[in-house]
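Everything on this sheet refers to the single structure shown next.
Given the structure is predicted, the values throughout are model-derived calculations rather than measurements.
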Amino acid sequence: MLKNASLLAMTIGLTASFLLVGCASEQEVADAPDQADSSVSATTDAQEFGELEIRANGEDFVREGFVSKDDWQINFDHLYVTLSEVTAYQSDPPFSPDTDEQPQAKTIISTDEPITVDLAAGDEVAEPILVETLVAPAGRYNALSWQMTPAITGPAEGYPLVLQGQASKAGETVNFILKLESTLGFVCGDYVGDERKGILAANDQADLEATFHFDHLFGSSDVPASDEINTKALGFDPLAAIAEGGTLEVDTQELELQLSSADYALLMSILPSLGHVGEGHCQETELTNLE
C-alpha cells in the first residue's frame with residue numbers, strides 16, 4: 001500500500017508530470033493513447049497511482065558462491081553494477097526482445113540518476129537489491145530497460161561493473177578484482193519466472209527486476225559440460241593463469257593485453273548476455289556515445 005498520507009499528497013502533486021510522461025511527451029513515448037479512450041482512463045482521468053519497485057538481482061550464484069565449469073569455487077565479496085536510465089514501460093502491444101523494434105509505450109516512468117548497487121549484498125534468503133521505488137500510474141508494466149554505465153563515485157568509480165572475490169581450486173586461491181569497462185544497454189520484455197511482475201494496482205505495490213546471469217561468464221558445475229551455459233562460458237582458468245602471487249586486479253584494457261585473443265574476444269561477447277528479466281531475454285546494445 002502507499003506508505004502514508006504525505007506520499008499520497010505527493011502523488012497528487014505529481015499527476016501533471018506523469019500525464020506528460022504517460023501521454024504527451026513525443027520524445028519519450030511511442031503511440032501515446034487518445035485521452036478519450038476509456039481503456040486508459042483508469043491511469044489518467046482517475047489519477048490512480050501505486051509504487052513500483054525497481055530491483056536488481058545477481059541470483060544465488062552471486063550471494064552464495066558457486067563452482068565454475070572448470071571447478072573453481074567462486075565467492076564474491078562485492079559485485080558492483082551501476083544502472084542508469086532504468087525505465088519501466090506499459091507497452092501495447094507487448095514488447096518482444098526478439099525483434100528490432102522498441103517498446104510501444106502508453107506510459108513510461110524512469111529513474112533520474114545512476115545508481116550503483118552491490119549484487120553480492122545479503123545471504124541466500126535476501127531479497128533482490130532495491131534500486132529505487134517510483135510512484136507510478138497503475139497498470140501492467142511489461143517491459144524494462146536500463147543502461148550499465150560507469151559509477152560516478154564509490155568503490156566502483158569509473159567502471160560499470162566490478163567483481164571482487166576469491167576463487168579456489170586444488171589448494172590454490174586467487175583473490176580477484178575485475179574492473180570491466182563495457183557500457184551496455186538492455187531492453188527487455190516481461191519478467192519470466194515463477195510469477196509475473198510489474199502488475200501495479202492503484203494504491204498498491206509491484207516490482208520489476210533486472211536480473212544478471214553470471215553463470216554465462218563462468219559456467220556452472222551444476223550442469224553438464226555439454227550444456228550451452230558451459231560451452232559458451234569463459235570459466236575461471238584463463239583468469240587464474242594471469243594471476244600473480246595469488247592476486248589478480250585488472251581492468252578491461254589489461255585483460256586485453258594479458259588474455260589470449262580468443263579468450264578476450266569470448267569475454268567481450270559474453271558481457272552483453274548478462275542482462276535478463278528473470279529468465280526473460282533482452283535486446284543488448286553496446287553504448288559508444290555516452291556524455
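- Here the CD-OG distance, from E284 to S273, works out to 7.0 Å after rounding to the nearest 0.5 Å.
- Side chain to side chain, Y89 and T107 fail the donor-acceptor criterion of an N or O pair below 3.5 Å.
- The shortest heavy-atom contact between L119 and G58 is CD2-N, 3.9 Å.
- The shortest side-chain heavy-atom distance between E127 and R55 falls under the 4.5 Å cut-off.
- Under the 4.5 Å side-chain heavy-atom criterion for grouping Ile, Leu, Val, Met, Phe, Trp and Tyr, I109 is connected to V131 within one hydrophobic cluster.
- Here the CG atom belonging to L83 is positioned 8.0 Å from the OG1 atom belonging to T116, to the nearest 0.5 angstrom.
- Atom OH of residue Y141 and atom OG1 of residue T87 lie 11.5 Å apart, to the nearest 0.5 angstrom.
- For the residue pair N230 and P224, the shortest heavy atom distance occurs at ND2-O, 2.9 Å.
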F236 vs V174, side-chain contact (heavy atoms from CB on, under 4.5 Å): CA-CA, chis, key distance, verdict: CA-CA 10 Å; F236 197 82; V174 175; 4.1 Å; yes
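- The line from CG of L274 to SG of C282 is 10.5 Å long, rounded to the nearest 0.5 Å.
- Counted by atom type alone, T211 and E209 present one or more donor-acceptor pairs between their side chains at under 3.5 Å.
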Could you please spell out the steps behind the side-chain contact (heavy atoms from CB on, under 4.5 Å) verdict for V250 and Q258? CA-CA 9 Å; V250 286; Q258 297 180 46; 3.9 Å; yes
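- Under the 4.5 Å side-chain criterion, counting only non-hydrogen atoms from C-beta, S220 is not in contact with K69.
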Pair K169, D237 - check salt bridge (charged side-chain N to carboxylate O under 4.0 Å, His left out), show working. CA-CA 10 Å; K169 176 181 175 181; D237 276 344; 3.5 Å; yes
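- There is no path of hydrophobic side-chain contacts, each under 4.5 Å, that joins M148 to Y159.
- Rounding to the nearest 0.5 angstrom, the gap separating the CD atom in E256 from the CG atom in L267 is 10.5 Å.
- Side-chain contact between L163 and F214: present, with at least one pair of heavy atoms (C-beta onward) separated by less than 4.5 Å.
- For S168 and T173, the side-chain atoms include at least one donor-acceptor pair closer than 3.5 Å.
- Contact of the E132 side chain with the I115 side chain is registered, since non-hydrogen atoms from C-beta on lie closer than 4.5 Å.
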Please test H276 against H216 for ring-ring contact (aromatic ring centres under 6.0 Å, His included), starting from the C-alpha separation and ending with a verdict. CA-CA 11 Å; H276 290 69; H216 286 210; 5.2 Å; yes
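- You'll find the side chain of L239 stays beyond 4.5 Å of the side chain of F176, heavy atoms only.
- The distance from atom CG of L134 to atom OG of S110, rounded to the nearest 0.5 Å, is 8.0 Å.
- Looking only at atom types and distance, the side chain of Q283 has a donor-acceptor partner in the side chain of Q102 under 3.5 Å away.
- Checking each of F76, F212, F66 against F61 for a ring pair (Phe, Tyr, Trp, His ring centres under 6.0 Å) leaves exactly one that passes, namely F66.
- Counting heavy atoms from C-beta outward, M268 and S182 have side chains that approach closer than 4.5 Å.
- The closest side-chain heavy-atom distance from Q166 to N175 is below 4.5 Å.
- Annotation: D123, atom CG; neighbour count of heavy atoms from other residues, nucleotides and ligands within 6.0 Å is above 12.
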Derivation of the side-chain contact (heavy atoms from CB on, under 4.5 Å) call for Q147 and L184: CA-CA 6 Å; Q147 296 181 359; L184 300 167; over 6 Å; no
Test salt bridge (charged side-chain N to carboxylate O under 4.0 Å, His left out) on K179 and E249; report intermediate values, then the result. CA-CA 8 Å; K179 301 175 181 179; E249 183 171 353; 3.3 Å; yes
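- Side-chain contact check for R63 and N57: at least one donor-acceptor pair (N or O, by modelled atom type) lies under 3.5 Å.
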Quick one, I242 with L255, criterion side-chain contact (heavy atoms from CB on, under 4.5 Å). Give me CA distance, side-chain angles, the key distance, then yes/no. CA-CA 9 Å; I242 62 173; L255 286 168; 3.9 Å; yes
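- Taking every heavy atom of both residues into account, A126 and A121 meet most closely at CB-O, 4.4 Å.
- Tracing side-chain contacts under 4.5 Å through hydrophobic residues (I, L, V, M, F, W, Y), one reaches L248 starting from I270; they form part of the same cluster.
- Here the side chains of F95 and V187 are in contact, with some heavy-atom distance below 4.5 Å.
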